[in-house]
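Chain identifiers are assigned alphabetically (A, B, ...) following the order of the sequence lines, protein sequences preceding nucleic acid strands; residue numbering begins at 1 within each chain.
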Amino acid sequence: MSRYEPSQTEPKWQAAWDAAGIFTARRDPTKPKYYVLEMFPYPSGRIHMGHVRNYTMGDVIARYKAASGFSVLHPMGWDAFGMPAENAAMERGGHPKDWTYSNIADMRNQMKPLGLSIDWSREFATCDPEYYGQQQAMFIDMMEAGLIYRKNAMVNWDPVDMTVLANEQVIDGRGWRSGALVERRELTQWFFRISNYSSELLKALDALNDWPHKVRLMQANWIGKSRGLQFAFSTTGAPEGFDRIEVYTTRPDTLHGASFVAISPDHPLAKQLERHNPAIAEFVAECRRIDTSEEALEKAEKNGIDTGIRALHPFDDTWELPVYIANFILMDYGTGAIFGCPAHDQRDFEFATKYNLPIKQVFIALGTKEAPLSEAYVPMKSERVCYIRGFPQPEIKTGQEVIEEAIAHCEENGIGRGVTNYRLRDWGISRQRYWGCPIPVVHCATCGVVAEDKANLPICLPDDVTFDQPGNPLDRHSTWRNCTCPKCGATARRETDTMDTFVDSSWYYARFTAPRATTPTIAEDADYWMNVDQYIGGIEHAILHLLYSRFFARAMHKTGHLPAKSIEPFNALFTQGMVTHEIYKTTDANGRPVYHLPEDIIRNESDATLADGTKVEVIPSAKMSKSKKNVVDPLKIITEFGADTARWFVMSDSPPERDMEWTASGAKAAYKHLARVWRIADEITHTNANANATNDAALTKATAKAVDEVTRNIDNFAFNKAIAKLYEFTNTLSNSAAGTTTKRTAMQTMAQLMSPMTPHLAEEIWQMLGGTGLVAQAPWPSADPALLTDDEITLPIQINGKRRAEITIPANTPKSEVEKIVLANESVVKFLAGTPVKTIIVVSGRIINVLT
RNA sequence: GCCCGCGUGGUGGAAUGGUAGACACAGAAGACUUAAAAUCUUUAGGCCGAAAGGCCGUGCCGGUUCGAAUCCGGCCGCGGGCACCA
């Protein structure tokens with residue numbers, strides 16, 4: 001007898017797979033293709049359990065599809081540009097490039113022992129010049145196609161470090177390093193015209209049936225289509241050129257309740273006024289001390305300042321409304337100016353209360369009388385209300401109806417026009433940072449802004465840079481900055497902004513189809529492999545990454561880099577949950593929290609201590625993070641139990657879309673189970689039991705059911721249920737008194753069913769039982785439908801909705817017969833005690849409900 | 001603040017309009033063992049009961065239905081996103 005020793009067997013099978021080259025993706029015209037992709041990782045240097053879970057899910061699908069006869073593409077790469085590399089350079093010295101490539105090497109080494117069926121020959125990093133050079137080529141094509149432009153936009157400016165900050169680098173309105181109050185500052189930046197595609201990106205969501213409903217809903221809300229009225233207020237007392245203020249409203253039905261006009265602090269009128277009015281200048285400056293995030297803006301106290309300008313109501317030019325500058329009006333949405341109707345908008349209500357503005361009701365709830373409001377009355381647009389202003393007599397209508405009438409009325413009278421607006425803004429891709437893809441553009445004194453000549457690509461990042469001072473090293477690098485204009489040959493200046501890393505991740509899926517090509521893609525490869533059949537990643541990417549990718553695929557199609565079928569690049573999407581763990585905390589002498597690694601904790605049922613007996617506070621589970629030290633190193637688990645145990649555990653118990661709790665005991669239990677399966681297989685090879693018709697038939701039937709259920713569960717991404725079924729099947733097989741031949745067949749099937757989750761163990765068992773070749777190349781088993789049905793079924797009987805008895809009857813018993821059996825049932829008779837029966841509801845194969 | 005989810009035994013979860021708690025973890029009892037580990041067997045939502053059985057129970061409140069963890073309305077709690085984190 002030998003033992004289950006994954007440390008011996010796992011490397012052996014990994015070498016066997018490599019030698020057979022079975023994970024190398026090949027265009028095979030004789031097979032249907034299947035492209036499975038997990039969101040590629042940022043090379044932080046260490047893999048974590050979240051990665052293990054993410055890649056194991058993809059691997060289960062990849063191996064299952066390969067066994068099911070598909071030609072599978074399952075690649076891996078690195079989302080390698082971004083701030084952490086620059087931060088590391090600033091903190092520890094060194095170069096972002098060295099840091100990144102060394103992290104990639106480390107992470108690759110940590111991933112290989114997991115035994116993932118990845119085609120490593122296609123690996124690339126987005127910081128490879130071969131990759132970002134092609135991205136630059138596409139940028140130039142997209143520029144020519146009119147998809148890119150420049151405009152002014154706000155950034156977070158750290159006035160002490162003299163540098164632009166990312167939103168996450170702004171903490172409570174201050175720069176994370178300098179502590180200085182952050183200001184909003186305007187810079188000229190590069191934009192993709194994603195808003196040209198607002199309507200299409202929204203409409204196309206309807207066809208993404210294999211995407212989670214919630215992701216589609218989140219994207220739809222993000223795009224934010226609205227129908228409204230755009231019109232202008234005439235003004236009095238405004239500076240020259242501002243005799244009209246354009247506003248946009250989705251509730252033109254409330255125009256009769258308008259009590260003020262408010263403009264954004266970034267509105268041209270506000271900018272004009274701040275030049276000559278110190279009070280306004282101070283207020284606007286104060287507004288700009290909020291960082292650029294919408295969250296900060298929304299949470300800030302709502303403030304305004306009266307400009308002294310008056311707006312004339314379009315229906316009555318004797319009706320004057322004060323014009324405020326208000327900190328909650330976004331310049332990016334609509335026209336950057338609104339009118340406020342306090343009676344029917346909570347924010348306007350609070351604003352009006354604060355500044356003592358009139359609150360005039362336009363409509364009231366049915367069956368009520370006009371009375372002073374304590375909060376805004378905001379019914380659904382579809383709800384019928386009583387309009388008390390704007391009509392000769394009160395009229396009962398829905399908001400929707402009156403909105404449409406109001407738009408029509410304003411259009412007829414030349415007051416304004418109905419417009420469809422989107423919340424989605426153009427995609428600003430300029431970053432004032434070094435470690436990103438350089439924007440391939442040159443600034444020439446005579447020619448202006450000129451795209452680089454494609455022959456000069458890639459525009460590589462210079463290696464000789466330092467990070468000892470804040471700001472963008474490219475800006476300081478005079479020899480890199482100086483270049484010649486591709487148009488006129490004069491001396492020119494290179495663009496020093498680099499691209500948002502979301503650009504890098506918006507097309508890597510396409511690059512994987514031809515990763516070494518000297519063009520961004522190759523038509524034959526893209527035609528064969530696209531689209532991604534199954535995309536897997538975190539829900540945190542539900543909006544930005546996925547929306548940008550959907551846009552970029554369209555832009556790539558427009559510029560000839562992807563076929564028309566690929567404008568929606570991801571056929572199916574699955575969003576997995578996080579891996580969580582308890583947090584262990586003690587407190588140091590100064591009262592500061594000290595966190596401890598799980599491996600340093602002795603965990604009892606009710607409490608936890610350190611090795612020296614110190615009590616440790618146990619904080620409920622949260623996402624694994626370095627700062628809280630609630631991390632488990634996958635390598636340690638692999639060393640102790642093997643990769644299959646880690647893979648099995650992350651797939652068991654929790655449904656994949658939900659967070660899963662990592663527990664040491666759970667990991668151990670997974671190992672125990674795998675060892676048990678191994679032992680049962682081993683026993684089968686050492687015994688020789690005779691056939692037994694009844695027991696053999698029962699096991700054969702159980703095997704067919706296991707095949708059926710595990711297959712369906714994998715198809716539905718219900719890996720936890722597939723595993724539960726495999727536990728059950730293990731118990732059945734272990735307790736079975738069937739003959740050795742039948743048991744051997746059952747165990748071989750078990751190996752196949754387990755192979756997507758625990759590929760090494762499956763190969764081991766497959767070999768033990770004399771299977772041909774590699775189980776990784778064996779065709780997926782199928783179940784004989786005749787074995788899946790039962791002759792007899794047990795049905796519960798309810799009396800008035802409460803379960804009181806059950807009966808076991810032949811599966812094909814007709815309803816009328818079932819009723820007779822139920823009424824004759826001893827427990828039913830006893831329970832009814834003569835009460836007459838009104839109805840019997842028989843749900844075939846499910847339940848019987850007797851009503852009295 | 002706005003948008004989107006989630007909430008079931010001591011724990012992870014199963015059941016997505018039809019027997020609530022499959023499967024597993026931790027627990028308890030037993031077998032084997034000099035002992036421990038490993039393994040195997042049994043047990044297990046709560047309350048009442050010797051048992052048969054009964055009552056209660058899916059975050060909270062209300063509704064629809066013969067029947068609700070599941071559908072609807074309102075609330076509470078937790079998580080994700082909010083355009084320069086990736």
Quiz item: Residues in side chain to side chain donor-acceptor pair (under 3.5 Å) with A:Asn156, at least two apart?
Solution: A:Asn167, A:Thr292
Exercise. Not counting sequence neighbours, which residues clear side chain to side chain donor-acceptor pair (under 3.5 Å) with A:Tyr508? List them please.
Key: A:Tyr535
Quiz prompt | Per-nucleotide protein contact string for nucleotides 35-51 of chain B (B base, S sugar-phosphate only, - none; heavy atom under 4.0 Å) | solution = ---SSSS----------
Side-chain donor-acceptor pairs of residues 841-852 of chain A under 3.5 Å, sequence neighbours excluded:
residue, atom, partner, partner atom, Å
A:Asn849, OD1, A:Gly801, N, 3.1
A:Thr852, OG1, A:Asn800, ND2, 2.9

Exercise. Within residues 715-726 of chain A, find the residues that approach RNA chain B with a heavy atom at under 4.0 Å, and present them sorted by residue number.
Key: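 Correct list: A:Asn720, A:Lys721, A:Ala724.
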Quiz item: Near RNA chain B, under 4.0 Å by heavy atom, which residues of residues 76-86 of chain A?
Solution: A:Asp79, A:Gly82, A:Met83
Ring pair (Phe, Tyr, Trp, His ring centres under 6.0 Å) partners for [X], two or more places apart:
X	result
A:Phe831	none
A:Trp435	A:Phe81
A:His541	A:His545
A:His51	A:His48, A:Tyr55

Shorter than 3.5 Å, N or O on both sides, protein versus nucleotides 71-77 of chain B: list them out with atom names.
none

Quiz prompt | Near-ring test A:Tyr671/A:Trp648, centroid separation under 6.0 angstrom | solution =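 Ring centroids of A:Trp648 and A:Tyr671 are no less than 6.0 Å from each other.
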Self-check item: Involving RNA chain B, stems made of at least three consecutive Watson-Crick or G-U pairs, both distances under 3.5 Å
Solution: B:1-7 with B:76-82, B:10-12 with B:23-25, B:27-31 with B:39-43, B:45-48 with B:53-56, B:59-63 with B:71-75
